[in-house]
Amino acid sequence: MPLTVVVGAQWGDEGKGKIVDLLAERADIVARYQGGNNAGHTLVIGDETYKLRLVPSGILYPGTLCILGNGCVIDPEVLIEELDGLIARGIDVSGLRISGNAHLIMPWHRIIDADSELQLGRLQIGTTRRGIGPTYADKALRVGIRVQDLLDEKILRLKIQTALSVKNELLRKLHHHRPLAKEELTVAMQGYAERICPFIADTSLELDRALTAGRSVLAEGAQATLLDIDHGTYPFVTSSNPIAGGACTGLGVGPTRIDRVLGVTKAYVTRVGAGPFPSEADDERGAAIRERGAEFGTVTGRERRCGWLDLVGLRYAARVNGLTELAVTKLDVLSMLESILVCTAYRLADDTVTTDFPAHQSDFHHATPVYRELDGWGTDIAAVTAYDRLPAAARAYLELVESEIGVPIAIVGTGARRDQTIMVRELQPAA
C-alpha cells in the first residue's frame, strides 16, 4: 500500500512543489488533500517555469492521475483559468479528477473574506482574501455548495437561491456590498459546470482501488504544519488540516494506508502575514535571505518574513505528522553567510528554557530564541550533486538537524531546478 504523504514542516513555502514534482515522476497518482488557491507551487523544469495554484504537480507527467480530494475548496473560475493556461502550453489535463464532495468557493466567500480581514485592522490574520476561510466555515455549517451540485442544474439553482437569501442580507448590512444577482450567478456557474463536470469522480473509490492494486500514490497538502487549524499557531493559521492526518480525511483513505510521511523544511524559515515568529532574523539579514531565496508568494507576490531554522518548531512537526524522512530545501541560499544561527530552544517569559513547542499561545507569543551559531561554508553549492561533495560545514549543518530532530534527511535541495537535488538516501517505507 504505497501511499506517501508530503507535508510542509514549517509555515509553508518550503518548496513542497519541487519535492512533489521530483517524486511524481515515479508516482501513478498525485492527490491534493486540502486547501484552495490560497497556496501555490512553483516548478522549474529545464527552462520552463510552472506556477500551479490548484492542480496537483503530477499534471506535468503524461499518464499520471491527478486528484483534487474532498478536503479541497475550489474556485471554479480559477481552476478553469489554470487548466486553460496548462492546455495553452501543451499540457494534457485529461488525467485530472475532482471529488464531488469538495466544496466550491463562491463570489460571496471572496467578498466576506476580504472585508472581514479589513475590519480586523491591526489584528488581521494575514489571509490571502481568496475566500478560503468562509468556504470552510460554510462547509462546517452544512450550508456549502459542493462540486457535485454542478451535475444537477435544479439542485445548483436551488442552492444558490437559498444561499443568496441569507448572504445578500449579510453583504448588504454588514459588508456594505451590493447584493449578488441570482440569475447572473447561476448562469455563470452553469458555464463553469460544462467545463468541470467531465472531471468529477468518486476519488476515494479510485484511490482505494489503486492502493489495493499496489499502485503508488503521492499525497500533497497546501500550507504547512504550523498553519494547521488545530495544531498550528492559532489564530494565525489556515482553515483546514495540512498535517499528514489531513490526508486521510481530505482524500477518504484510512490511516493504515499511509506508508511514509516526508516532511519538507527549508534550511531557514519564512512566514507570510501576521503572527509570532521567534527566530525571525534582523531586517538586514532577513532582507538578504529574502532576496537570495526569492521569498515572494507564488499566488500573492507578498514578501515573506525570513528567519533562522527553528528546530523547536521542526521537532514539533516531526511529532504531529509522524515524519519518517525529511527533505531540506534551499540549502544554497545560506551559502552567502559567514556564520549561521540555528534556534535550538525557546526562552519563555518566566525565563525557563524549553526544547518543546509551547502548548499555550501566550507562551509561544512571548518566546525568544536560544541560538547556536555554526560556521558558514562560503561557497556556491548549486552544482553539487552528491552529499559527500558538500562542504564540511554544510554537512555539519544538516547533521545537526538530523540529530536534533531524530528524523533522517533523505533529500537536500541546492537550487530551484529539479536537477539541483541531492538524494541522500532512498525513501524507506514506515516500519
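Just so it is clear, the values below take in all heavy atoms, side chains as well, and ignore hydrogens, waters and symmetry mates.
Contact of the Gln34 side chain with the Thr249 side chain is not registered, since no non-hydrogen atoms from C-beta on lie closer than 4.5 Å. Looking at Leu68 and Phe199, their side chains never come closer than 4.5 Å, going by heavy atoms from C-beta outward. For the pair Pro56 and Leu96, the minimum side-chain heavy-atom distance is below 4.5 Å. The side-chain heavy atoms of Leu398 and Leu331, taken from C-beta on, include a pair separated by under 4.5 Å. For the pair Ile105 and Arg130, the minimum side-chain heavy-atom distance is 4.5 Å or more. Side-chain atoms of Pro76 and Leu104, non-hydrogen and from C-beta on, do get closer than 4.5 Å to each other. Side-chain contact check for Ile112 versus His177: every heavy-atom pair is 4.5 Å or farther apart. Taking the side chain as every heavy atom from C-beta outward, Pro391 and Ile381 approach each other to under 4.5 Å.
The two residues Tyr234 and Ile229 have their closest heavy-atom pair at CD1-O, 3.6 Å. Considering every non-hydrogen atom in both Pro198 and Ala193, the closest pair reads CD-O, 4.4 Å. Scanning both residues, Leu23 and Val6, for their nearest heavy atoms gives CD1-CG2, 4.2 Å. Taking every heavy atom of both residues into account, Cys72 and Ala102 meet most closely at O-CB, 3.5 Å. Taking both residues in full, the closest heavy atoms of Gly35 and Ala222 are given as CA-CB, 4.3 Å, listed atom of the first, atom of the second, then distance. When all heavy atoms of Gly36 and Ile132 are compared, the pair lying nearest together is CA-CD1, 4.0 Å.
Put simply, the side chain of Asn321 never gets that close to the backbone of Leu323: no donor and acceptor are under 3.5 Å apart. Side-chain atoms of Asn37 never come within 3.5 Å of backbone atoms of Leu54 as a donor-acceptor pair (strictly under, hydrogens ignored). Without hydrogens or angle criteria, Tyr61 side chain to Arg26 main chain gives no donor-acceptor distance under 3.5 Å. Side chain of Lys16 to backbone of Val7: no donor-acceptor contact under 3.5 angstrom is found. Remark: side-chain polar atoms of Thr324 are paired, donor with acceptor, to backbone N or O of Val261 under 3.5 angstrom. At least one donor-acceptor pair closer than 3.5 Å links the side chain of Asp113 to the backbone N or O of Gly131. Checking side-chain atoms of Tyr346 against main-chain N and O of Pro278 turns up no donor-acceptor pair under 3.5 Å. Side chain of Thr225 to main chain of Gln10: no donor-acceptor pair is present (N/O by atom type, distance under 3.5 Å, no hydrogens or angles). At least one donor-acceptor pair closer than 3.5 Å links the side chain of Tyr316 to the backbone N or O of His231. Under a 3.5 Å cut-off, the side chain of Glu206 and the backbone N or O of Ala201 do not form any donor-acceptor pair.
Between the side chains of Arg257 and Thr212, at least one donor N or O sits under 3.5 Å from an acceptor N or O. Between Arg271 and Thr233, the side chains place a donor N or O and an acceptor N or O closer than 3.5 Å (distance only, hydrogens not considered). In this structure, a donor-acceptor pair under 3.5 Å is absent between the side chains of Glu14 and Thr329. Of the N and O atoms on the side chains of Asn101 and Ser99, not one donor lies less than 3.5 Å from an acceptor on the other residue.
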Under 3.5 Å, side-chain donor or acceptor atoms of residues 400-415 against the rest of the protein: list the pairs with distances, not counting sequence neighbours.
unit_1 : atom_1 : unit_2 : atom_2 : d
Glu402 : OE2    : Ile409 : N      : 2.7
Glu402 : OE2    : Arg425 : NH1    : 3.2
Ser403 : OG     : Glu399 : O      : 3.2
Ser403 : OG     : Leu400 : O      : 2.9
Glu404 : OE1    : Arg315 : NH2    : 2.8
Thr414 : OG1    : Gln420 : O      : 3.3

Under 3.5 Å donor-acceptor pairs involving side-chain atoms of residues 371-379, not counting sequence neighbours:
unit_1 : atom_1 : unit_2 : atom_2 : d
Glu373 : OE2    : Ser339 : OG     : 2.9
Trp377 : NE1    : Ser335 : OG     : 2.8

Pair His109-Thr135, side chain to side chain donor-acceptor pair (under 3.5 Å): steps then yes or no: CA-CA 6 Å; His109 293 133; Thr135 306; 3.2 Å; yes

Verdict with supporting geometry, Met189 and Asp149, side chain to side chain contact (heavy atoms under 4.5 Å, CB included): CA-CA 10 Å; Met189 292 302 295; Asp149 296 327; over 6 Å; no

Derivation and outcome, side chain to side chain contact (heavy atoms under 4.5 Å, CB included), residues Leu60 and Ile91: CA-CA 7 Å; Leu60 301 180; Ile91 304 299; 4.0 Å; yes

Stepwise side chain to side chain contact (heavy atoms under 4.5 Å, CB included) test for Cys248 and Ile258: CA-CA 9 Å; Cys248 297; Ile258 296 177; 3.8 Å; yes

Steps toward side chain to side chain contact (heavy atoms under 4.5 Å, CB included) verdict (Leu86, Val55): CA-CA 10 Å; Leu86 289 167; Val55 179; 4.3 Å; yes

Derivation and outcome, side chain to side chain donor-acceptor pair (under 3.5 Å), residues Asn241 and Tyr33: CA-CA 9 Å; Asn241 292 111; Tyr33 58 86; over 6 Å; no

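Note that SG of Cys197 and CG of Leu150 are 5.5 Å apart. Values are rounded to the nearest 0.5 Å. Rounded to the nearest 0.5 Å, atoms NZ (Lys330) and CG (Asp13) are 8.0 Å apart. For the atom pair Asp92 CG and Ile59 CD1, the distance stands at 7.0 Å (nearest 0.5 Å). A distance of 9.0 Å separates CD1 of Ile422 from CG of Asp388, quoted to the nearest 0.5 Å. Atom OG1 of Thr368 and atom CG of Leu348 lie 8.0 Å apart (nearest 0.5 Å). Note that CZ of Arg195 and CD of Glu81 are 11.5 Å apart. Values are rounded to the nearest 0.5 Å.
A salt bridge does not link Arg53 to Asp75: none of the charged nitrogens lies less than 4.0 Å from a carboxylate oxygen. Under a 4.0 Å N-O distance rule, the pair Arg292/Asp332 does not qualify as a salt bridge. Classification of Asp138 and Lys167 as a salt-bridged pair holds, one side-chain N sitting under 4.0 Å from a carboxylate O.
Ring geometry for His365 against Phe236 counts as tilted: the plane angle lies between 30° and 60°, on a 0 to 90° scale.
Asp282 CG: more than 12 foreign heavy atoms inside a 6.0 Å radius.
Looking at residues two or more places apart in sequence or on another chain, you find a ring pair (Phe, Tyr, Trp, His ring centres under 6.0 Å) between Trp11 and Phe277.
Just one of Glu280, Glu291, Glu295 meets the salt bridge (charged side-chain N to carboxylate O under 4.0 Å, His left out) condition when paired with Arg304; it is Glu295.
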